[in-house]
Number of protein chains: 4
Amino acid sequence: MEAKDGIAKQAGGRGRTFTEEARRAQIVGAAIEVLADAGYAKATFSRIAKQAGLSSTGMISYHFSGKDDLMREVAAEVLRVAEAYMLPRIQAESSYSGRLRAYIESNVALLEVHPKHLPALAEVMTNQRGDTPTVKDFVHVMEATMNEQAERIRLAQRDGAFREFDPMVMTAAIRGAIDFVVTQASRLPGFDATTYGRELADLFDRATRRTP
Amino acid sequence: MEAKDGIAKQAGGRGRTFTEEARRAQIVGAAIEVLADAGYAKATFSRIAKQAGLSSTGMISYHFSGKDDLMREVAAEVLRVAEAYMLPRIQAESSYSGRLRAYIESNVALLEVHPKHLPALAEVMTNQRGDTPTVKDFVHVMEATMNEQAERIRLAQRDGAFREFDPMVMTAAIRGAIDFVVTQASRLPGFDATTYGRELADLFDRATRRTP
Amino acid sequence: MEAKDGIAKQAGGRGRTFTEEARRAQIVGAAIEVLADAGYAKATFSRIAKQAGLSSTGMISYHFSGKDDLMREVAAEVLRVAEAYMLPRIQAESSYSGRLRAYIESNVALLEVHPKHLPALAEVMTNQRGDTPTVKDFVHVMEATMNEQAERIRLAQRDGAFREFDPMVMTAAIRGAIDFVVTQASRLPGFDATTYGRELADLFDRATRRTP
Amino acid sequence: MEAKDGIAKQAGGRGRTFTEEARRAQIVGAAIEVLADAGYAKATFSRIAKQAGLSSTGMISYHFSGKDDLMREVAAEVLRVAEAYMLPRIQAESSYSGRLRAYIESNVALLEVHPKHLPALAEVMTNQRGDTPTVKDFVHVMEATMNEQAERIRLAQRDGAFREFDPMVMTAAIRGAIDFVVTQASRLPGFDATTYGRELADLFDRATRRTP
DNA sequence: GATGAATGAGCATTCATTCAT
DNA sequence: CATGAATGAATGCTCATTCAT
């Protein structure tokens, strides 16, 4: 799950004091926790405030312009963390297939490093319909990201590294396969991120590879 | 009228009049519509009643013992429809790979035949945490289904039809890839179920196939 | 708890068929049961219908003109039963103190013969405020009954059988003492109506008796 | 904001601001008023809010964790007031019979000082079946109080101050006689608490006294 | 900056009652 | 006579948000 620069930048911009930024981060962290543990429906300001150790929900409304502003910040934070973890690992690879593998494995590995982050994002993205203006452009970011990935696949196909197939379908399948394990990992008893990531990467390696 | 102390409404079997069954079907249909269009959070009795052309929400409470009873019925209805459509198509195939392809293609095809059904089910399954007793066993059904599929994959591997890989990871990837298109199909502009299904089936055919 | 003739008569008057009367009796019986077991607040048409083995609440509305009509009938039935049990036992006594004792003892004894009747009546009388027109005159009946008792006490005092005290206070105390055991009997573990009735009669015998 | 997942409101002790305490008292006062005037069934949040001059029922839910929390507070308030009034008057007496008289007279006198309090408590105790957890222990308090009174009676009998009789029956009769006047006082036209209390105390003095 | 208090719309649900069949 | 179906007002309660301090 990669982040577009544009989004990540907006948060943490100028005009906020240090304490304010700290409070916001604290609230966002609590929101991630609650979203992952209890789901979007039960991620009320009440619960989030409680999780954050705050005495009132007014506090949250004071720091965020509304619920979808908070959710937007949650998404931004997760994307920031994901990018910081995944990007170096992907860029360390030089081959197309190596980068695909690194993308999948590092994404799954995130479930172990920050177990609550991706599930929280999944809750937000699933439940926020395009109706709220703030989250609207988030959908665009995700779409743009997927288009980019499809484009990179196209390059790999042109260079003969990948076989011929519909790049968007492949991108969606990868996204879906990862999203599924994101939501299910906590339920799977003996879940091991490293093994799972490797298996999943193998799977898509087979699916994209030219047959010899 | 709740099961607790009201006059019991027996689930399934006889005991329901024709009109009652018709009303229930009408309400379930409206619920599917609303779930698909507006998401679980906004699928309130109010909205569903309005969609169904009913004057009050009391009507729904009259026919269903509660919200999760309704949701349960929604899930049951979708599964019924899905099974009716997919099963014959799967059973028509005799080879392991043929059945896998039929499973994927018929599942995706359902998005064209009943565009609201699978999205509605996805909303219910995503948002109903294991907390509601009625939906709890639905999760078990889904888990059982996935275990079954993994078992069939194992057989295919033993018979040498599929290569060696972790059956559960493959099952999860297939489920995830399909779920993703279920939730995204309505957003994709030129989405064509037949093409998409074939591409996705190709993908997993490659991923499971023994390399020659 | 004695009944004024006027009330008891109204129910069971002409104009009702045999089956209708039977249905009404069945419903009243169920209502008494539910009132005693679950209290007035939970004595809904739903529960009463279920207790009576009826399939719908409409049935009750069909036979009674409303909830307070049903409650009125419940009260009338209890008064009828109480009168039938108590009156002969009271009239068998010739002395003032004997009649007082018979009144108290037979009233308490009713808790053993018909354990649900008096508690049901207590629920109705406690919760029906004077606002409903049908129950309004019931209150008058009770008041009249108490006035009568006070009058009889006055006669006993005039005849020198009882000492001097305020007859209304005594009447109220007797009523209250009995009502209390009516509502509490089911909670008292080793409650024995005969012993309790004798003790209570002793108590009021002492309270009314001339000191030698 | 429920205790379950909301921000906990600690009962009693510190943690409540002055304004909050004032609002709670105001709401409890309004509830007492409505309970006494309209009865438990009609003591809805709506009515109580209206009586308190509040614009919405949400206000009540904000300050109390639920209906039985409010009812519990009502009961606690009444008991507090009753104890403050009655205890000094009882303790001022040194003889057994003096204390019994003081108990009865001060209890009845409360109907004049706070005419709505005891009726409100009666409504709560009558209509709250043991089912609500919060009020459950209130019943225990009442039972314990009655057991205490019975014990004191036993002491008086051992010391030869009272004649022999069943202490629990006497306790129940006293309780019932007082409860009755609590519920009926408002209906009695020329009710005078002082006279009534004295008469009732006389009655039970006779009932308990050793015959010379 | 921060907070407790208040608000009011919205939620699922229950209820007595009505009515066509 | 009986009933299943429908109705809509009312209930307790939760929620995000606002605002004076």
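Owing to the predicted nature of the structure, the values given are computational and were not obtained by experimental measurement. A note on names: the letters A, B, ... follow the listed sequences, proteins ahead of strands, and every chain is numbered from 1.
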Please enumerate all protein N or O atoms sitting under 3.5 Å from an N or O of nucleotides 18-21 of chain F, with distances to 0.1 Å.
none

Return whichever of B:D68 or D:L54 has its heavy-atom-nearest nucleotide of DNA chain E closer to the 5' end. D:L54
Of C:G66 and D:S56, the one whose closest nucleotide on DNA chain E sits nearer the 5' end is D:S56
Considering every strand shown, what is the Watson-Crick or G-U wobble mate of E:dC15 when both distances are under 3.5 Å? F:dG8
In Watson-Crick or G-U wobble terms, both distances under 3.5 Å, what is the partner of F:dT21? E:dA2
Do A:M71 and A:L35 have side chains that approach each other closer than 4.5 Å (heavy atoms only, starting at C-beta)? yes
Does a side-chain heavy-atom distance below 4.5 Å link A:L79 with A:F138? yes
For atom [atom1] of [X] and atom [atom2] of [N], their distance in whole Å:
X     : N      : atom1 : atom2 : answer
C:E21 : F:dC1  : CD    : C1'   : 15 Å
B:M71 : E:dA12 : CE    : P     : 9 Å
A:K50 : F:dC15 : NZ    : C1'   : 16 Å
C:F64 : E:dC15 : CZ    : C1'   : 18 Å
A:K67 : F:dT14 : NZ    : P     : 15 Å
C:Q26 : F:dA2  : CD    : C1'   : 13 Å

Between D:R23 and D:H63, is there a donor-acceptor pair closer than 3.5 Å when you use the side chain of the first and the backbone of the second? no
Using the side-chain heavy atoms of A:F45, tell me which of these nucleotides is nearest: F:dA16, F:dC1, E:dT7. F:dA16
Does A:V28 form a side-chain contact (heavy atoms from CB on, under 4.5 Å) with A:I32? I'd like the steps, not just the answer. CA-CA 6 Å; A:V28 166; A:I32 289 174; 4.1 Å; yes
Pick base, sugar-phosphate or nothing for D:S55, based on heavy-atom distances below 4.0 Å to the nucleic acid. sugar-phosphate
If you measure from CD on C:E73 to CZ on C:R24, what distance do you get to the nearest 0.5 Å? 4.5 Å
Which value, rounded to the nearest 0.5 Å, describes the distance between D:I27 atom CD1 and D:Y62 atom OH? 11.0 Å
side-chain contact (heavy atoms from CB on, under 4.5 Å) evaluation trace for C:L121 with C:H117: CA-CA 6 Å; C:L121 180 61; C:H117 279 63; over 6 Å; no
Taking the nucleotide of DNA chain F with the closest heavy atom to each, which residue, D:T44 or B:R23, is nearer the 5' end? B:R23
